[in-house]
Amino acid sequence: MTSLLSFNKIQPPALGKLVTILSIDGGGIRGIIPATILDFLESELQKLDGKDARIADYFDIVAGTSTGGLVTAMLTAPDANNRPLYAAKDIVPFYQKHGSYIFPKKGGIIGSVENTLVQVGNPKYDGKYLHKLIRDNLGKTRLHDTLTNVVIPTFDIKNLQPTIFSSFETKNSPALDALLSDICISTSAAPTYFPAHYFTNDDGSGNISEFNLIDGGVAANNPALIAVGEIMKQVYRKDPNLFPMKPMDCSKLLVVSLSTGSAKQEQKYTAEMAASWGLFGWLIQGHSTPILEVFTQASKDMVDYFLSIVFQARHSEENYLRIEDDSLVGPNASVDVSTKQNLDELAQIGQKLLKGSSSRVDLLTGVSVPAVDGGTNEDALIKFAKILSDEQKLRRSNAATQNNSDT
């Protein structure tokens, strides 16, 4: 199929009708689940616009935390031909190839005891393989080089506040225009799993900024709200690349938010279990780190709840798609079990999720329920792919008309 679009850098929203947002949660090895969803979405876009179509060609902003930040970089960093470094179909194989090296395990009872002892006194993993992998892939690419706007949250433990790396801020705050590799290493530095990341960055005027960063998931495991906030900030600043819109005008926003899944209800902890936990108990329970799990789960659910309220209140619920599986059990619910069996099962979970009913938060209970007449997640993504394709065609048509009138 011949492409109907010329795949250069995405045209600005001012030439269209929507602002398009993709958000990817954190979740370690469970990043395979949203990667499977993205593979399907990109394949649908390719059916409409040709085999060269990529996710970065359709979203004005891609936001990702932790493993979602890594996926964000893979989808938006340029290769030698100024096209995305990875196609969506390549991300699951990436996890399957490197997962067991990023999260190495020592087998047997002795290995299990040794892993536990190491985790008590040090990060569970030294991160050397992951850091080299990220640097080898991203090289000298900086935040401003991405093919569309990106937002990747981290948390500065020296200042005790989030540090949000946003493409929109590279001109206003040049110190944030860091190497994309440093940003990805930082956002993936989950407490107890990987070491915190320190680096410095020159703002171009000789001023050096220091960063002492850990995983952004402690503040924003679901970065969708940050992405929406970045758009609202640019509207307030009257950015010419955006059309005039009222704050939180959800009819002008199109949001696809992808979760990495969560444990099935009966697999979660109880007050009876946690009542006897001290520091050690909150840090280690089987394959999990409860204290981190609680923070990250609460963060992403609150974001989904808030956005669901706003979109439904503005009668724009059809513009917000959240895809999540809250029925993970055993190793599937872990962030670092990297056996071949678990990697394969996570990919299967992603495929099964596509066939499942699309859902929406019930505002009375706060629980996700099947959307009325919503069809499957596949149906919803096919619908969104058509909207995304039409939006880009409109922008390019308007850009061509504008250029002709200028000449």
Which atom names give the shortest non-hydrogen contact between [X] and [Y], and what distance separates them?
{"X": "Cys250", "Y": "Asn319", "result": "O-ND2, 3.3 Å"}
{"X": "Ala73", "Y": "Leu180", "result": "CB-CD2, 3.9 Å"}
{"X": "Ala196", "Y": "Ile157", "result": "CB-CD1, 4.2 Å"}
{"X": "Ser205", "Y": "Asp202", "result": "N-OD1, 3.7 Å"}
{"X": "Val256", "Y": "Leu258", "result": "CG1-CD2, 3.9 Å"}
{"X": "Lys252", "Y": "Met245", "result": "CB-CE, 3.6 Å"}

Please check if atom CE in Met302 has more than 12 non-hydrogen atoms from other residues, nucleotides or ligands closer than 6.0 Å.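 Check fails, neighbour count at 12 or below.
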
Enumerate, atom names and distances included, each donor-acceptor pair closer than 3.5 Å involving a side-chain atom of residues 13-26, sequence neighbours excluded.
{"from": "Thr20", "atom 1": "OG1", "to": "Tyr58", "atom 2": "O", "distance (Å)": "2.8"}
{"from": "Thr20", "atom 1": "OG1", "to": "Asp60", "atom 2": "N", "distance (Å)": "3.0"}
{"from": "Thr20", "atom 1": "OG1", "to": "Asp60", "atom 2": "OD2", "distance (Å)": "3.1"}
{"from": "Ser23", "atom 1": "OG", "to": "Ala224", "atom 2": "N", "distance (Å)": "3.1"}
{"from": "Asp25", "atom 1": "OD1", "to": "Arg322", "atom 2": "NH1", "distance (Å)": "3.2"}
{"from": "Asp25", "atom 1": "OD2", "to": "Arg322", "atom 2": "NH1", "distance (Å)": "3.2"}
{"from": "Asp25", "atom 1": "OD2", "to": "Arg322", "atom 2": "NH2", "distance (Å)": "2.7"}

I need the [X] [atom1] to [Y] [atom2] distance, nearest 0.5 Å.
{"X": "Leu147", "Y": "Leu75", "atom1": "CG", "atom2": "CG", "answer": "10.5 Å"}
{"X": "Thr72", "Y": "Ile152", "atom1": "OG1", "atom2": "CD1", "answer": "5.5 Å"}
{"X": "Thr154", "Y": "Ile183", "atom1": "OG1", "atom2": "CD1", "answer": "8.5 Å"}
{"X": "Ile208", "Y": "Asn201", "atom1": "CD1", "atom2": "CG", "answer": "7.5 Å"}
{"X": "Gln341", "Y": "Asn332", "atom1": "CD", "atom2": "CG", "answer": "8.5 Å"}
{"X": "Ser334", "Y": "Ile29", "atom1": "OG", "atom2": "CD1", "answer": "9.0 Å"}

Side-chain donor/acceptor of [X] to backbone N/O of [Y], under 3.5 Å:
{"X": "Thr148", "Y": "Phe59", "answer": "yes"}
{"X": "Gln312", "Y": "Val361", "answer": "yes"}
{"X": "Asp39", "Y": "Ala35", "answer": "no"}
{"X": "Glu42", "Y": "Ala88", "answer": "yes"}
{"X": "Asp177", "Y": "Thr170", "answer": "no"}
{"X": "Asn159", "Y": "Gln161", "answer": "no"}
{"X": "Ser389", "Y": "Lys386", "answer": "no"}
{"X": "Gln46", "Y": "Ala53", "answer": "yes"}
{"X": "Ser100", "Y": "Ser338", "answer": "no"}

Are any of the side-chain nitrogens in [X] or [Y] under 4.0 Å away from the carboxylate oxygens of its partner?
{"X": "Lys132", "Y": "Asp136", "result": "yes"}
{"X": "Arg135", "Y": "Asp182", "result": "yes"}
{"X": "Asp145", "Y": "Lys140", "result": "no"}

Kindly indicate whether the side chain of [X], heavy atoms from C-beta on, has any atom under 4.5 Å from the side chain of [Y].
{"X": "Asp57", "Y": "Arg83", "answer": "yes"}
{"X": "Pro195", "Y": "Pro123", "answer": "yes"}
{"X": "Ser188", "Y": "Leu130", "answer": "yes"}
{"X": "Ile349", "Y": "Lys352", "answer": "no"}
{"X": "Tyr320", "Y": "Leu253", "answer": "no"}
{"X": "Val335", "Y": "Arg30", "answer": "yes"}
{"X": "Pro191", "Y": "Val218", "answer": "yes"}
{"X": "Trp282", "Y": "Pro290", "answer": "yes"}

Between Ser43 and Lys47, is any side-chain donor less than 3.5 angstrom from a side-chain acceptor?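 Not at all, the side chains of Ser43 and Lys47 share no donor-acceptor pair under 3.5 Å.
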
Donor + acceptor pair across side chains of Thr376, Asp379 (<3.5 Å):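 On atom types as modelled, these side chains qualify, holding a pair under 3.5 Å.
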
Check the pair Glu44 / Lys383 against salt bridge (Lys or Arg N to Asp or Glu O under 4.0 Å), numbers first and verdict last. CA-CA 10 Å; Glu44 289 301 311; Lys383 174 184 173 182; over 6 Å; no

Applying ring-ring contact (aromatic ring centres under 6.0 Å, His included), which residue pairs with at least one partner in residues 79-101 are found, sequence neighbours left out?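 Only Tyr86-Phe94, Phe94-His98, His98-Tyr129, Tyr101-Tyr129 qualify under ring-ring contact (aromatic ring centres under 6.0 Å, His included).
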
Pair Gln392-Arg395, side-chain contact (heavy atoms from CB on, under 4.5 Å): steps then yes or no: CA-CA 5 Å; Gln392 294 313 314; Arg395 293 185 192 185; 3.7 Å; yes

Which residue in the set Arg54, Arg396, Lys393 passes salt bridge (charged side-chain N to carboxylate O under 4.0 Å, His left out) when paired with Asp49?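 Testing Asp49 for a salt bridge (charged side-chain N to carboxylate O under 4.0 Å, His left out) against Arg54, Arg396, Lys393 leaves exactly one candidate, Lys393.
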
Test side-chain contact (heavy atoms from CB on, under 4.5 Å) on Phe165 and Val150 and set out the steps. CA-CA 8 Å; Phe165 290 94; Val150 304; over 6 Å; no

With Ile323, the side chain to side chain contact (heavy atoms under 4.5 Å, CB included) member among Leu41, Leu353, Leu354: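 Single side chain to side chain contact (heavy atoms under 4.5 Å, CB included) partner of Ile323 among Leu41, Leu353, Leu354: Leu353.
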
Walk me through it: do Glu345 and Asn342 pass the test side-chain contact (heavy atoms from CB on, under 4.5 Å)? CA-CA 5 Å; Glu345 287 177 357; Asn342 194 49; 4.2 Å; yes

Trace of the side-chain contact (heavy atoms from CB on, under 4.5 Å) decision for Leu138 with Leu85: CA-CA 9 Å; Leu138 298 178; Leu85 197 60; 4.0 Å; yes

Does anything in residues 214-230 form a side chain to side chain donor-acceptor pair (under 3.5 Å)? List the pairs, not counting sequence neighbours.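 Counting only pairs at least two positions apart or across chains, the side chain to side chain donor-acceptor pair (under 3.5 Å) contacts touching residues 214-230 are Ser66-Asp215, Ser166-Glu230, Glu230-Lys233.
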
Going by the angle between their ring planes, with limits at 30° and 60°, are Tyr125 and Phe103 parallel, tilted or perpendicular?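 Correct class here is perpendicular.
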
